[in-house]
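On a predicted model such as this, the values are computed, not experimentally measured, just so you know.
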Amino acid sequence: MNTAPNFEQLIVEGIKGLPQQYLSEVADFVLFLRRRVVEHQPYDVHSIQQELSGLDARQQQHLENEFTDFYRRFPSV
C-alpha cells in the first residue's frame, strides 16, 4: 500500500474555488519553482531584474508592500 501523499492531487484540490487573484499568485509561485529547478541558479541578478521588469502595477505594489519595514519585521539574529 502506498501511503505517500499525492502532492499534485493535494495542490489541485487545494486551489479549487480560490479567487482569481490567489490563483494568479499560485501560478507565479509555481513558475518561480520551475525556473529554480530548471536553471539551478536561484540568485542570478540579471534574471531577477528581467522578471521584475515584467510585473504589472498591481504586482509591483504587492511586492513593495511585502518589503515595507522588512528589517524591522525580520531583524537579523
Side-chain angles (χ1 to χ4, degrees):
M1 174 167 36
N2 185 2
T3 60
N6 181 338
F7 291 114
E8 288 182 25
Q9 187 62 35
L10 286 171
I11 292 167
V12 169
E13 292 299 320
I15 64 172
K16 284 184 181 177
L18 285 177
Q20 189 66 32
Q21 172 188 352
Y22 296 108
L23 292 174
S24 175
E25 290 182 34
V26 170
D28 288 343
F29 187 66
V30 169
L31 290 173
F32 163 77
L33 291 174
R34 176 139 330 259
R35 285 184 188 133
R36 189 169 78 177
V37 168
V38 171
E39 294 176 3
H40 300 287
Q41 298 177 1
Y43 300 110
D44 176 25
V45 173
H46 178 70
S47 294
I48 292 170
Q49 288 173 331
Q50 195 172 18
E51 285 190 47
L52 290 175
S53 70
L55 297 178
D56 64 29
R58 181 187 60 79
Q59 292 168 322
Q60 289 176 11
Q61 186 59 53
H62 174 77
L63 187 59
E64 289 295 327
N65 291 343
E66 287 294 315
F67 284 97
T68 299
D69 296 326
F70 178 81
Y71 292 108
R72 182 185 59 75
R73 291 171 40 209
F74 306 100
S76 59
V77 177

Please check if the number of heavy atoms outside Glu8 that lie under 6.0 Å from its CD is greater than 12. no

Just how far is it from atom CG of Asn6 to atom CG of Leu10, taken to the nearest 0.5 Å? 6.5 Å

ILVMFWY cluster, Tyr71 and Phe67 together (side-chain gap under 4.5 Å): yes

ILVMFWY cluster, Leu55 and Phe70 together (side-chain gap under 4.5 Å): yes

For a side chain to side chain contact (heavy atoms under 4.5 Å, CB included) check, start with the C-alpha distance between Val30 and Ile11, then their side-chain angles and the critical distance, and finish with the verdict. CA-CA 11 Å; Val30 169; Ile11 292 167; 6.0 Å; no

Answer yes or no: does atom CD of Glu64 have more than 12 heavy-atom neighbours from other residues, nucleotides or ligands under 6.0 Å? no

Search all heavy atoms of Gln59 against all heavy atoms of Gly54 and return the closest pair with its distance. OE1-O, 4.3 Å

For the pair Glu51 (side chain) and Ile48 (backbone), establish whether a donor and an acceptor sit closer than 3.5 Å, ignoring hydrogens and angles. no

Please give me the minimum heavy-atom distance between Arg73 and Glu66, naming the atom from each residue. NH1-O, 3.3 Å

Heavy-atom pair with the smallest gap, counting every atom of Leu18 and Leu23: O-CD1, 3.6 Å

To the nearest 0.5 Å, how far apart are OG in Ser24 and NE2 in His62? 9.5 Å

